[in-house]
Amino acid sequence: MIEFLRISGYDISSVIEEKLSGKSDEYLIKYAFRQKSIIITHDSDFGKIIFTQQINFTGIIYLRPGHFNPNVTITTLKTLLSRQAEVKIPFLIVAENLIDNIKIRVREF
């Protein structure tokens, strides 16, 4: 996923590259906000946090289902990026790959 986004021209880094492994999800949201970065995740906890806590964030893209097959993830990202939707910050995007269809929901805060 990271390599695909880099090849596509996006400035992206990972938790591992930033040496943030083991940090809490709340810490990662705050870190991304300070960096003006968007979080791309398979973990639904990030969505739960922004709905239940007063925490500033830029954007979260939650990819479902939560499996780590790179082909499924890349297909989902290609569909999402091809839509080129304008969203206002902060936002939550849920992109769900249903095999024959990719469902995308956008929520702006």
Side-chain angles (χ1 to χ4, degrees):
M1 172 180 75
I2 290 173
E3 191 60 31
F4 163 74
L5 289 170
R6 284 188 178 135
I7 289 169
S8 299
Y10 293 93
D11 180 17
I12 186 166
S13 62
S14 71
V15 169
I16 294 168
E17 291 170 341
E18 296 294 322
K19 297 180 178 32
L20 298 171
S21 295
K23 299 290 186 185
S24 71
D25 293 343
E26 292 88 351
Y27 181 92
L28 296 174
I29 294 170
K30 291 174 184 176
Y31 179 86
F33 180 73
R34 286 191 305 273
Q35 302 296 319
K36 298 180 178 142
S37 296
I38 297 165
I39 294 172
I40 302 174
T41 185
H42 290 278
D43 184 350
S44 64
D45 290 345
F46 287 93
K48 292 174 190 170
I49 290 166
I50 63 170
F51 281 108
T52 60
Q53 298 181 29
Q54 295 290 328
I55 190 166
N56 291 321
F57 68 101
T58 304
I60 296 173
I61 299 174
Y62 171 44
L63 304 174
R64 295 186 64 199
H67 57 82
F68 297 89
N69 179 330
N71 294 325
V72 173
T73 299
I74 289 170
T75 300
T76 305
L77 285 170
K78 282 180 180 178
T79 301
L80 179 61
L81 295 172
S82 72
R83 303 241 173 125
Q84 298 180 353
E86 294 285 326
V87 294
K88 289 189 251 176
I89 293 172
F91 66 86
L92 169 66
I93 295 175
V94 178
E96 184 173 14
N97 191 321
L98 303 169
I99 305 303
D100 61 341
N101 183 31
I102 296 175
K103 182 178 177 182
I104 297 173
R105 295 181 310 238
V106 177
R107 176 152 182 192
E108 297 171 338
F109 293 81

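The side-chain heavy atoms of Lys103 and Leu98, taken from C-beta on, include a pair separated by under 4.5 Å. Two residues are said to be in side-chain contact when any heavy atoms from C-beta on lie closer than 4.5 Å; Leu20 and Tyr27 meet this criterion. Side-chain contact between Thr73 and His42: present, with at least one pair of heavy atoms (C-beta onward) separated by less than 4.5 Å. Proximity of Met1 to Leu63: side-chain heavy atoms (C-beta onward) are separated by under 4.5 Å at one or more points. Counting heavy atoms from C-beta on, the side chains of Phe46 and Leu92 never come closer than 4.5 Å.
With rounding to the nearest 0.5 angstrom, the CD1 atom of Ile102 is 8.5 Å from the OG atom of Ser82. Atom CD1 of Ile55 sits about 6.0 Å away from atom CD of Glu26, to the nearest 0.5 Å. Within the model, atoms NZ of Lys19 and OG of Ser13 stand 11.0 Å from one another, a figure rounded to the nearest 0.5 Å. With rounding to the nearest 0.5 Å, the separation of OG1 in Thr58 from NZ in Lys36 is 8.5 Å. In this structure, NZ in Lys48 is found 10.5 Å from CG in Asp25, a value given to the nearest 0.5 Å.
In this structure, Ile104 and Ala95 approach most closely via the heavy-atom pair CG1-CB, 4.2 Å. In this structure, Phe4 and Leu77 approach most closely via the heavy-atom pair CE2-CB, 4.0 Å. Across all non-hydrogen atoms, the minimal contact from Asp43 to Asp45 is OD1-N, 2.8 Å. When all heavy atoms are compared, the tightest approach of Arg6 to Glu17 is NH2-OE1, 2.7 Å. Closest approach of Ile99 and Asn97 over heavy atoms only: N-OD1, 2.9 Å. In terms of heavy atoms, Ser44 sits closest to Tyr62 at CB-OH, 3.4 Å.
Note on Ile2: it does not cluster hydrophobically with Ile39, by side-chain heavy-atom contacts below 4.5 Å among ILVMFWY residues. Cluster membership check: Ile40 shares its hydrophobic cluster with Ile74, using side-chain heavy-atom separations under 4.5 Å among Ile, Leu, Val, Met, Phe, Trp and Tyr. One hydrophobic cluster, built from ILVMFWY side chains closer than 4.5 Å, holds both Leu81 and Ile38. Placement of Leu28 and Leu5 in two distinct hydrophobic clusters is found when ILVMFWY residues are connected by side-chain heavy-atom separations under 4.5 Å, directly or transitively. Residues Val15 and Ile60 share a single hydrophobic cluster, defined by chaining ILVMFWY side chains whose heavy atoms lie under 4.5 Å apart.
Legend: residues meeting salt bridge (charged side-chain N to carboxylate O under 4.0 Å, His left out) with Glu96, ordered by chain and number and at least two apart, are Arg64.
Heavy-atom neighbours of Asp11 CG from other residues, nucleotides or ligands within 6.0 Å: at or below the threshold of 12. The environment of Ile16 atom CD1 is sparse: at most 12 non-hydrogen atoms of other residues, nucleotides or ligands sit within 6.0 angstrom.
Remark: the backbone N or O of Tyr10 is not paired with any side-chain donor or acceptor of Ser8 at under 3.5 angstrom.
Sorted by first then second residue, the ring pair (Phe, Tyr, Trp, His ring centres under 6.0 Å) pairs that include residues 83-108, not counting sequence neighbours, number zero.
Between Glu18 and Arg34 there is no salt bridge, since none of the side-chain N atoms of the basic residue sits less than 4.0 Å from a carboxylate O of the acidic one.
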